[in-house]
Amino acid sequence: MRGSRISGEVKPMTAKLLCAASCMVLAIGSAQAQAQDEGDQESVNPGAPAPYQQNNGPTVGDLSQSEDIVVTGYRASLAAALNLKRESTSAVDAIVAEDIAKFPDQNLAESLQRIPGIAIERDAGEGRAITVRGLGAQFTRVRVNGMETIATSTDGASANQDRAFDFNIFASELFSSIVVHKTAEAALDEGSLGAVVDLNTGNPLAYGAGVTLTANAQARYNDLNDNFGPRLAGLLGWVNSDETFGVSASVAYSKYKTAELGNNSVRWAQADFASVNGVDCGANPDDSGCAEVSDAFHPRIPRYGLVSHDRERLGATASLQWKPGERTTIAIDGLFSDFKEERDEHWGEVLLRSNEGGIDVSNYTVDGDNNMISADLDNVYVRTERYHRESETKFYQISGKIDQQFTDAFSATLRGGFSRSDADIPVETSLMFDNRDATGYSYDYSDMKSPLLTFGSEIEDPSAFQLAEFRDRPSSTKNKFRAGALDLKWEVTDGFTLSGGPFYRRYDFDTIGYRRDSTYCAAYDCADGQYGAPVTDALSDIFHLGSAGQPSGNTNAWVEPDLDAVTDYLDLYGREATLNEGDRRSVTEEASGGWFQVDYETRLLGLRITGNAGVRYANTDQASQGYVSGEYVKVKRSYDDWLPAMNINFHPTDNLIIRGAVAKVMTRPSLGSLTPGGSVDEFNFAISSGNPFIDPYRATNYDAAIEWYFAPGAIASVAVFKKDIVSFPLSSTREGTYASSGLPTSILTPGTPVYDHVVNGAEPDRLFEFRTTVNGPGASLKGVEIGLNLPFSVFSDALRNFGVLGNVTLVDSDVDYTFNIDGDEIVYTRPLLGLSKRSANGTIYYDDGSFSVRVSGAYRSGYLTSTSGNDNIFEGYGASFNLDASIRYTVNDHIELTLDGTNLTDDYRYRFTDDFARRNYENNHFGRVIMAGVRFKL
C-alpha cells in the first residue's frame with residue numbers, strides 16, 4: 001500500500017456522547033464575590049489579600065454553631081475561586097493562589113489541567129501547552145495582567161514559532177490567579193475558538209499597609225538522572241499607611257536537568273531491499289520473499305537514545321499602584337522571563353531510510369498489520385549521532401492602566417502596553433559517525449513499545465566509523481506586540497449597564513535561519529572509497545544508555561562523536577553560515593475595531609436573570625513576507641469580522657444556576673501557514689510552503705450549563721458545548737518535480753537524498769510531494785463536562801478537612817481526511833487533530849489549616865497530531881496518566897515546610913504512527929520529580 005496524502009476535507013460531526021452518572025469536576029471560576037445564604041458566616045482567611053476574602057455559609061455539619069469558622073490554606077483557595085465563579089455572567093473557571101506567591105502547582109499548565117475541559121501537552125515531562133475542549137493551543141488567547149501575550153519558546157524538539165502560548169516559560173510563583181473564559185463576550189479580545197486565559201500577577205494594594213515579604217526555597221530531585229537543582233522564589237511589597245500607594249516585586253529562579261530516555265523509529269516505511277534470505281531482489285523482483293518484504297512496513301531509523309534537557313529559568317515581576325484620589329487608580333505592571341536550555345541528544349541507530357536498496361534481509365517476520373517486526377540485516381548503514389542545541393527565550397512586558405470614575409455611574413479605563421519575545425538558537429549542531437557496511441545487526445519489535453535492537457561487535461570500535469556529516473542551524477525568532485484600548489462604562493440604572501470602546505493591536509513576527517550543513521567529503525578532500533574522516537579515540541566517546549525501557553540483550557553502548565573535539569576539528573563555528581531561504585519569514589498583523597455590550601440583571605415572574613449581550617468588530621490588516629522562487633516577496637490582505645455574543649443565566653434558587661451562551665468567534669491562521677515561500681525536506685522528497693490567503697478559523701459556539709451549589713464550598717455541574725466551525729484551514733498536497741517548485745538547487749545540502757537525485761541527476765523526473773495549507777469547508781465539535789467539587793463537611797463536621805474534586809470531559813468531532821493510496825482517493829473519518837475524546841482529573845485532599853495533603857491524577861486519552869507521512873495513515877500519542885502529590889505543614893505564622901512529587905508513576909509517553917497498526921514512533925520516560933523546601937512569610 002503506497003501513495004501520498006493529497007488533501008483534507010471536513011464534514012459535520014455525527015458523534016455520540018456518553019455521559020457517566022457519577023463524575024467529578026473542579027468547578028472554580030472568576031467574577032465578583034457573593035455572600036451566600038443568610039445567617040452565620042464562614043470567613044475565608046481574613047488576613048488574605050482582598051481578592052481572596054470571601055463570605056460563605058456554614059458547613060452542613062455545623063449549622064447549629066454560631067461562632068465564625070476560619071478557613072485557610074488549600075481549602076481557602078478552592079472556596080475563593082468557587083465563590084468567584086458563582087456570580088460570573090459568562091462561563092469561566094479559575095485557580096487562585098491560597099496565599100501570596102503561593103500557586104498550588106509548580107507549572108501553570110499543570111494547574112490548568114485541573115479545570116474541566118482542559119488537557120495539557122507535555123515537553124520533557126512538564127506541561128507546555130493546553131488544549132481547551134478539544135481545540136489546541138493555537139485556538140487559545142492568553143493575557144498577562146489584561147494584555148494579550150505571545151510567548152515564543154525554543155524548548156522541545158522544535159521551537160514554537162506560532163500563536164500558541166508556552167506556559168513553561170514562566171515560573172508559577174509569579175502569579176496569583178488564572179482565569180479561563182470559556183464563553184465569549186464582546187468585551188473579551190477576539191482570536192479564540194477555545195478560550196481566553198488571564199494570568200494575573202496580583203496587585204500591591206491588596207497586600208494591606210506595611211511590608212509584605214515571602215520567600216520559597218526548594219531542592220528539586222529527578223530520580224532518572226539523579227539530578228538535584230534549586231528552585232527559589234521571593235516577593236517583597238510595601239503599601240503606605242493610607243493604602244493609596246503600593247509597590248511590589250517578585251523573582252523566581254530554577255535550574256535543573258531532565259533526562260528523556262527511550263526509543264524512536266522516525267516512522268515506518270516501505271521499500272525494496274537488496275536481497276531477502278539470499279535471493280537477489282533486483283534480479284528476482286517476483287520472488288515471494290522479496291515481494292513480501294518490499295510491501296511490508298519497516299522502521300526507518302530504529303534507535304535508542306538519551307535526550308538531556310538542561311534548563312535554567314529566571315522570572316521577575318514589578319507592580320505599582322497609586323490612588324491619587326478616591327475616583328482614580330493608576331497601575332503599572334512589568335514582567336520579565338529568561339528561559340535557557342541546552343538540549344543534548346545521543347543516538348545509536350541504523351539508517352534504513354533511503355538505503356534499503358543496499359541492505360540484505362534474512363530471518364524476518366511480518367505480522368498481521370503488515371509490519372516487518374523483526375529481521376536480521378547485513379550491509380547496513382549504522383550511524384551514531386550527537387546533537388547539541390543552545391537556546392534562550394527572553395520575554396519582556398510592560399503594561400499600564402488608568403481607572404477613572406467620573407461619576408457614580410460613569411467610568412473609564414485606559415489600557416496600553418508592549419511585549420517582546422526573543423527566541424534565539426545560536427547553536428544547533430548535529431554530528432554523525434557512519435559505518436556504511438556493518439554486519440550482524442538485528443531488530444525485533446514484537447513488543448512494539450520496547451524493541452530489541454542489537455548491533456554487531458564494531459559498534460564500540462572508533463576505527464570502524466568515519467566522520468561523515470555535520471550540521472549547524474542557528475536561527476532566531478522575534479515577536480513584538482503592542483496594544484491599546486479605552487473601555488467606557490455607564491451604569492444606566494440598577495441592573496442595567498452599557499459598556500464599550502475602541503481597541504488597537506499590532507503584532508510583528510519575524511524568523512530567520514542559517515545553515516552550516518555539509519557532508520565531510522563535500523567540504524574536504526577525501527580519498528577514493530572514503531565517505532568521511534577516519535574516527536580516532538581523540539574524536540570519540542563511548543556512550544552508555546541507561547534505563548530506557550529496553551529488553552535484555554539490547555545493545556546499550558556505542559561510540560559517538562565527542563562534541564567539542566569534532567567541532568574544533570572541523571572548525572564548524574568558524575565556517576560561514578548561509579541563509580536558508582525557507583527559514584526567512586515574517587508577518588505583520590494589525591487589528592483595530594471596537595465593541596459594545598449591555599450587562600443586565602432583572603427578575604421575571606420572580607426568577608432572577610443575569611447576562612450580557614453585545615457585538616465586537618475587528619478589522620485585520622496582514623502583511624506576509626517570504627522567499628518565492630529565490631525572490632523575497634510581500635503579500636498584503638485585509639478582512640473584517642463582526643462577532644456578536646450573548647450570555648444568559650437563570651437563577652431558579654439561590655444555589656442553582658442555569659447558563660446559556662451563543663457567540664460568533666474567530667481565530668487567525670497559524671503564522672507558519674501565512675508566510676509565502678517554503679522549505680525542502682531533503683530526506684523525504686517533500687516541499688512545504690505557506691499560503692498568505694488562508695481565511696481565519698470562524699465558528700459559532702453554543703454553550704449550556706447547570707451549576708448546583710448544594711453546600712458551602714461545593715458544586716455539582718454539567719456543561720455541554722457545540723462548535724460549528726464554518727472555515728477550517730487544512731493541509732493539502734500535490735505532486736510535481738523539483739524543477740516545478742522554482743526553488744534553486746543551491747539551497748540543497750550535499751550528500752542528502754534530494755541533492756543526489758536532483759543535482760547528480762539520478763532521477764531528474766522524480767516526483768516530490770508539495771505540502772501547503774488551503775481553506776477547508778468547516779467542521780463540527782461537541783462535548784460535555786460533568787463533575788463534582790465535594791468537601792466532606794457535607795457529611796459530617798468531623799470530616800470538614802477532607803474533600804475530593806475532579807472533572808470528566810467527553811469531546812468528539814468528525815473530520816474527513818482524503819488520502820491518495822496507489823492512485824485511489826480514500827477518505828478516513830477521524831477527530832480534529834489534537835483532540836482527546838476523553839480527559840479526566842481528580843484530587844483527594846486533607847487540609848486543617850496547618851497540615852495539608854493533596855493527591856492528584858490526570859488522564860488524557862490518545863489523540864492524533866498529524867496526517868503523518870511515508871504512507872502511514874495519521875500519527876499521534878497514546879493515552880497518558882500523571883500522578884502528583886503535595887504535602888504542606890505550617891510550623892508557625894512565618895514558616896511552612898513543603899514536599900511535592902510529580903509524575904510519581906514515571907509514566908511513559910508513547911507516540912505512534914499509522915492509526916490502524918499503531919506502529920512505534922517513540923516511547924520514552926522522564927523520571928519522577930521530588931521537591932522539598934521551606935517557605936517563609938513576614
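Between Ile873 and Asp915 there is no side-chain heavy-atom pair separated by less than 4.5 Å. Counting only heavy atoms from C-beta outward, the side chains of His925 and Arg909 never approach each other to under 4.5 Å. Side-chain contact between Asp900 and Ile930 is absent, with no heavy atoms from C-beta onward closer than 4.5 Å. Put simply, the side chain of Ser518 does not reach to within 4.5 Å of the side chain of Glu469, judged on heavy atoms. A 4.5 Å side-chain heavy-atom check between Phe465 and Ile459 finds at least one atom pair inside the cut-off. A 4.5 Å side-chain heavy-atom check between Tyr573 and Thr567 finds at least one atom pair inside the cut-off. Considering only heavy atoms from C-beta on, Tyr304 stays 4.5 Å or farther from Trp347 through its side chain. In this structure the side chain of Asn923 reaches within 4.5 angstrom of the side chain of Asn263, judged on heavy atoms.
Applying the side chain to side chain donor-acceptor pair (under 3.5 Å) rule to Thr365 yields the partners Ser374; only residues at least two apart in sequence or on another chain are considered. In this structure Tyr889 satisfies the ring-ring contact (aromatic ring centres under 6.0 Å, His included) test with no other residue, sequence neighbours excluded. Under the ring-ring contact (aromatic ring centres under 6.0 Å, His included) criterion, Phe543 pairs with His346, Trp558, sequence neighbours left out. Every residue two or more places apart in sequence or in another chain that forms a side-chain contact (heavy atoms from CB on, under 4.5 Å) with Asn225 is listed here: Asn222, Asn227, Lys257, Ala259. Considering only residues two or more places apart in sequence or on other chains, Ser254 meets the side-chain contact (heavy atoms from CB on, under 4.5 Å) condition with Arg231, Tyr256, Arg313.
Contact check on Glu341 versus Arg389 returns a salt bridge, with a Lys/Arg side-chain nitrogen under 4.0 Å from an Asp/Glu carboxylate oxygen.
Aromatic pair Tyr445/Trp268: ring centres closer than 6.0 Å. In this structure, Phe455 has its ring center under 6.0 Å from that of Tyr441. Less than 6.0 angstrom separates the ring centroid of Tyr221 from the ring centroid of Phe228.
Donor-acceptor pairing under 3.5 Å is lacking for the side chains of Arg888 and Thr898. A donor and an acceptor atom, one from each side chain of Asn924 and Arg911, are nowhere located under 3.5 Å apart. Donor-acceptor pairing under 3.5 Å is lacking for the side chains of Asp907 and Asn882. Side-chain contact annotation: Ser442 with Thr454, donor-acceptor N/O pair under 3.5 Å present.
Contacts classified as salt bridge (charged side-chain N to carboxylate O under 4.0 Å, His left out) and involving residues 436-448 (residues at least two apart or in different chains) are given here: Asp434-Arg436.
Looking at every heavy atom in both residues, Gly134 comes nearest to Leu835 through O-CB, 3.6 Å.
Under the 6.0 Å distance and 45° angle rule, Arg515 does not count as a cation-pi partner of Phe470. The side-chain tip of Arg860 points at the ring of Tyr863 from less than 6.0 angstrom away and within 45° of straight on. Relative to the six-membered ring of Phe297, Arg919 meets both conditions, a distance below 6.0 Å and an angle of at most 45° to the axis.
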